[in-house]
Participant: 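Take this structure, written in structure tokens, and hold onto it; I'll ask about it next.
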Amino acid sequence: MADAAATLIKLQDVTVRFDGRDVLHDVNLSFPAGRSTVIMGPSGSGKSTLLKTVAGLIPPDSGKVFFRGRDMLQLTESGMKELRKASGFIFQDGALWENKTLMENLALPLRVHFPQMPPAEVQRRVVKALEQTGLLESADLRPAGLSGGEKKIASVLRALITEPAILFMDEPTLSIDHTMEGRVTQMIADVKARGCAILAVTHNARLTSTLADRLVILDAGTVRETGDFDQVKRSRDERTREILSEVLGEIASYDTDLLALLEEQDKNRPHQATEGGQRPGPGTTERTP
């Protein structure tokens, strides 16, 4: 577990209930600064609820969530502003403001969190972000005039425009085509490279292989297993292996060690060639952005 100085967010005995049912039950987790954590589990396991609880969007029914050592429920208004300023959230459905143009959607976080920033600088930053993603011609359109992929890109840009220390992502590549998926994956890889802590829910094998330093395996609202990517993917726990197989079966194209795990090869059996080349030797991984 990360020490207190390196821990951004910590959950202590957290339970969240909806309609009298525990969606999360006695969850204890720590999320370190500067590292990327992917939360995975079967449908209905509580992944999105966990992500929103960690981000302070859903308060726990019991237990505590700490942000930089402070109980989120006890944060003052200035403390909550600090949390919001330090974080960005990519929502599953984009969650753009429908009554605002694309330009206004991206400018709003800068105006809220950096009220002293000159309007010309706000516009410069937004225009630069739109130019880099090929959306400048759509700057004056409202979300209704954008494609699904453009909305997702816009949601990513809005989350990143303030250069947050923490990025929360709920299925950032869901329902977009292969080209848009590649662009989103590269943007997230660039954010990771500059040291941003990332907490993500995703079923995307390529994205997981690209960004995951740590995995959290969630099952029926409880943490089945957590730890470094290489540690958890080699878990001998049967249920963890089932979840990995179900959620990340296609990651074999990007991580041949995991392919060997899912095929349950005997560790003394010689590595065999795979399509496109040879498997790496023990202790090596192959990650493709």
Side-chain angles (χ1 to χ4, degrees), residues 6 8-9 31-40 51 54-55 84-92 94-96 102-103 105-110 113-114 117 121-139 146-215 228-229 248 251 253-255 285-289:
L8 276 176
I9 299 175
F31 298 93
R35 302 197 74 201
S36 299
T37 303
V38 171
I39 303 165
M40 62 178 55
L51 188 69
V54 173
R84 298 291 173 242
K85 184 177 180 179
S87 60
F89 202 115
I90 302 173
F91 292 89
Q92 207 176 114
L96 300 175
L102 179 54
M103 174 77 75
N105 264 278
L106 268 60
L108 190 58
L110 291 172
H113 297 303
F114 300 92
M117 185 177 289
E121 176 61 13
V122 172
Q123 182 171 3
R124 185 194 70 79
R125 293 192 182 197
V126 173
V127 167
K128 181 180 178 182
L130 293 173
E131 282 180 335
Q132 290 176 337
T133 53
L135 290 180
L136 186 57
E137 291 185 359
S138 302
L146 303 174
S147 70
E150 288 171 336
K151 289 179 185 178
K152 185 59 68 76
I153 291 285
S155 179
V156 174
L157 291 176
R158 186 182 60 185
L160 300 181
I161 197 76
T162 58
E163 299 183 351
I166 318 163
L167 179 62
F168 302 98
M169 308 191 302
D170 192 358
E171 297 289 2
T173 58
L174 185 69
S175 301
I176 57 177
D177 64 28
H178 183 72
T179 300
M180 286 292 188
E181 177 187 319
R183 290 165 68 182
V184 169
T185 299
Q186 185 57 57
M187 291 166 67
I188 294 167
D190 291 343
V191 171
K192 172 180 167 59
R194 70 170 172 78
C196 178
I198 299 175
L199 283 67
V201 170
T202 181
H203 284 82
N204 186 299
R206 180 179 183 181
L207 183 60
T208 298
S209 186
T210 298
L211 71 87
D213 297 318
R214 303 171 66 247
L215 293 177
D228 287 347
F229 182 93
L248 291 182
I251 203 173
S253 300
Y254 307 101
D255 191 323
T285 57
E286 179 180 320
R287 298 199 181 184
T288 302

Participant: Output all residues satisfying salt bridge (charged side-chain N to carboxylate O under 4.0 Å, His left out) with Asp228, sequence neighbours left out; order by chain, then residue number.
Facilitator: Arg35
Participant: Heavy-atom distance under 4.5 Å between the side chains of His203 and Thr173, does that happen here?
Facilitator: no
Participant: Would you say that Ile188 contacts Leu207 through its side chain, given a criterion of any heavy-atom pair below 4.5 Å between the two side chains?
Facilitator: yes
Participant: Take Met169 and Leu211, measure what side chain to side chain contact (heavy atoms under 4.5 Å, CB included) needs, and give me the verdict at the end.
Facilitator: CA-CA 12 Å; Met169 308 191 302; Leu211 71 87; 3.9 Å; yes
Participant: Just to verify, what does Phe89 make a ring pair (Phe, Tyr, Trp, His ring centres under 6.0 Å) with, not counting sequence neighbours?
Facilitator: Phe91, Phe168
Participant: Among all residues two or more places apart in sequence or in another chain, which pass the side chain to side chain donor-acceptor pair (under 3.5 Å) test with Ser138?
Facilitator: none
Participant: Measure the shortest side-chain to side-chain distance between Thr202 and Met40 over non-hydrogen atoms and say whether it is less than 4.5 angstrom.
Facilitator: no
Participant: Cut-off 3.5 Å, no hydrogens considered: what does the side-chain donor-acceptor table look like for residues 160-167, sequence neighbours left out?
Facilitator:
none

Participant: Just how far is it from atom CG of Leu8 to atom OG of Ser87, taken to the nearest 0.5 Å?
Facilitator: 10.5 Å
Participant: Roughly how far, to the nearest 0.5 Å, is CZ of Phe31 from CG of Leu199?
Facilitator: 5.0 Å
Participant: Give a yes or no answer on whether the side chain of Thr185 reaches the backbone of Glu181 with a donor-acceptor pair at less than 3.5 Å.
Facilitator: yes
Participant: Taking Asn204's backbone N and O only, do any of them form a donor-acceptor pair with Thr208's side chain (distance below 3.5 Å, no angle check)?
Facilitator: yes
Participant: With the side chain counted from C-beta on, respond yes when Met103 and Leu106 share a heavy-atom pair under 4.5 Å apart, and no when they do not.
Facilitator: no
Participant: Are any side-chain N or O atoms of Arg158 and backbone N or O atoms of Leu108, one a donor and one an acceptor, separated by less than 3.5 Å?
Facilitator: no
Participant: Which heavy atom of Ala154 sits nearest a heavy atom of Leu96, and at what distance?
Facilitator: CB-CD1, 3.9 Å
Participant: Between Leu157 and Met187, is there a side-chain heavy-atom distance shorter than 4.5 Å?
Facilitator: yes
Participant: Holding to salt bridge (charged side-chain N to carboxylate O under 4.0 Å, His left out), I want the full list of residues that pass it with Lys192, two or more places apart in sequence or in another chain.
Facilitator: Asp213
Participant: Could you check whether any side-chain heavy atom of Val122 comes within less than 4.5 Å of a side-chain heavy atom of Phe114, counting everything from C-beta outward?
Facilitator: no
Participant: Rounded to the nearest 0.5 Å, what separation is found between the NZ atom of Lys152 and the CG atom of Leu146?
Facilitator: 13.5 Å
Participant: Mind listing the closest non-hydrogen atom pair of Ala200 and Leu51 along with its distance?
Facilitator: N-CD1, 4.4 Å
Participant: Calculate, to the nearest 0.5 Å, the distance between atoms CG and CD belonging to Asp190 and Gln186 respectively.
Facilitator: 4.5 Å
Participant: Taking salt bridge (charged side-chain N to carboxylate O under 4.0 Å, His left out) as the test, write out the residues that go with Glu121, two or more places apart.
Facilitator: Arg124, Arg125
